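Shown next, in structure tokens, is the structure this report addresses.
Values reported hereafter were calculated over all heavy atoms of this structure, with side chains retained and with hydrogens, waters and symmetry mates removed. Fair warning: this is a prediction, and the values are worked out from it, not measured in the lab.
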Amino acid sequence: ALTGLQPWVFDPQGVARPPQTWWWDPLAGITTVEEAERLAGHFISAVEDEKNSIWPMSATELLSGLFLAANLTGATITQVYKWLANEHDPAPAAALEAGGFDVLAGAMRGNANMAHETRASVYFTARAGARCLRNPVITAWVTPPRRPLPRLDPDRFVNGPSTLYLLSKDSGGSAAPLVAALTDRVLRAGVHLAEARVFADVPDKVLH
């Protein structure tokens, strides 16, 4: 296990070629629409087109629904790409509906009624943004490992003395979306911890 001051190195593309000694679950904590949209945004930002914002916006909605559905069903993030490869799979909408996300479920079912060209463009954009999920070398860092490895918990990490190094490189199927997502998650965990400590020092009479 990684303890003490030993650094955590996230290098899914082998930039520095360190051995993988831990993993992180991007779907952990994806229980709200807001969290799902934040995660989806990291993937779609790499393929956004300033001249045409329709497809990225629709692809973000699609991906966020799939991320929520994957979390609800206990699936890994690689299942999301499998769903993107099958535009008519009813499982994601069913999972969302069972989890109480009726509006998202309805929107996902509505994709089936889109014109073929429109639906194909939305799914193509989402697949392009999530293309790194096709690469098992990359996804090994964000899915349960076959051998026992510790899982990074951002909330616990920011409460300790360790250092996190995040590495990626520009190439086809870059892991940049996952690096950005992990960076965002750790930074927000740090902010939440700082806020909790600040409010813990504020007298109750001030808060009330």
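Contact annotation: the side chain of Trp55 approaches that of Thr118 to within less than 4.5 Å [non-hydrogen atoms, C-beta and beyond]. Thr139 places none of its side-chain heavy atoms less than 4.5 Å from the side chain of Tyr81. Phe10 places a side-chain heavy atom less than 4.5 Å from the side chain of Val142. Between Phe67 and Ile77 the shortest side-chain heavy-atom distance falls below 4.5 Å. The closest side-chain heavy-atom distance from Thr21 to Val9 is not below 4.5 Å. In this structure the side chain of Glu97 never reaches within 4.5 angstrom of the side chain of Met108, judged on heavy atoms. The side-chain heavy atoms of Asp153 and Trp24, taken from C-beta on, include no pair separated by under 4.5 Å. For the pair Asn111 and Glu87, the minimum side-chain heavy-atom distance is 4.5 Å or more.
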(request) Assess whether side-chain contact (heavy atoms from CB on, under 4.5 Å) is satisfied between Leu63 and Leu84, documenting all intermediate values. (result) CA-CA 9 Å; Leu63 262 185; Leu84 287 174; 4.0 Å; yes

(request) Please assess Val47 against Arg131 for the test side-chain contact (heavy atoms from CB on, under 4.5 Å), listing each intermediate value before the final yes or no. (result) CA-CA 11 Å; Val47 294; Arg131 62 189 182 279; 3.9 Å; yes

(request) Check step by step if side-chain contact (heavy atoms from CB on, under 4.5 Å) holds for Leu182 and Leu152. (result) CA-CA 10 Å; Leu182 179 52; Leu152 176 70; 3.8 Å; yes

(request) Determine, step by step, whether Leu62 and Thr125 satisfy the side-chain contact (heavy atoms from CB on, under 4.5 Å) criterion, reporting the C-alpha distance in whole Å, the side-chain angles of both residues, the deciding distance to 0.1 Å, and the verdict. (result) CA-CA 10 Å; Leu62 172 61; Thr125 302; over 6 Å; no

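Under the 4.0 Å criterion applied to side-chain N and carboxylate O atoms, Arg188 and Asp155 are not assigned as salt-bridge partners.
Of the inter-residue distances, the one linking Thr31 atom OG1 with Leu68 atom CG reads 8.0 Å to the nearest 0.5 angstrom. From Leu178, atom CG reaches atom CG of Leu166 across 11.0 Å, with rounding to the nearest 0.5 Å. Summarising the geometry, atom CG belonging to Asp89 is positioned 7.5 Å from atom CD belonging to Gln79; distances are rounded to the nearest 0.5 Å. Here the CZ-CG distance, from Arg38 to Asp184, works out to 4.0 Å after rounding to the nearest 0.5 Å. Rounding to the nearest 0.5 Å gives a distance of 12.5 Å between CG of Leu39 and CD of Glu34. Atom-to-atom distance recorded for Ile30:CD1 and Glu37:CD is 11.0 Å, nearest 0.5 angstrom.
Clustering ILVMFWY residues whenever any of their side-chain heavy atoms sit less than 4.5 angstrom apart, transitively, puts Val33 in the very cluster that holds Phe43. Under the 4.5 Å side-chain heavy-atom criterion for Ile, Leu, Val, Met, Phe, Trp and Tyr, Trp23 and Leu133 are members of distinct hydrophobic clusters. The cluster map of Ile, Leu, Val, Met, Phe, Trp and Tyr, joined by side-chain heavy atoms under 4.5 Å apart, puts Leu164 and Trp141 in the same cluster. Residue Ile54 is grouped with residue Tyr123 when hydrophobic side chains (ILVMFWY) are merged at heavy-atom distances under 4.5 angstrom, including chains of intermediate members. No single ILVMFWY cluster, assembled from side-chain heavy atoms under 4.5 Å apart, contains both Leu167 and Val186.
Shown here for Ala105 and Ala93, the closest heavy-atom pair between the two residues is CB-O, 3.4 Å. Closest non-hydrogen pair, Val158 versus Gly190, comes out as CG1-N, 3.8 Å. For the pair Pro154 and Ala189, the tightest heavy-atom approach, listed with the atom from each and the gap, is O-CB, 3.7 Å. Minimum interatomic distance between Ser174 and Pro177 (heavy atoms only, all atoms of both residues): O-CD, 3.3 Å. Between Ser58 and Val122, the closest heavy-atom pair is CB-CG2, 3.7 Å. Of all heavy-atom pairs spanning Arg151 and Ala28, the tightest one is NH1-CB, 4.0 Å.
In this structure, the side chain of Gln13 engages the main chain of Lys169 through a donor-acceptor pair within 3.5 Å.
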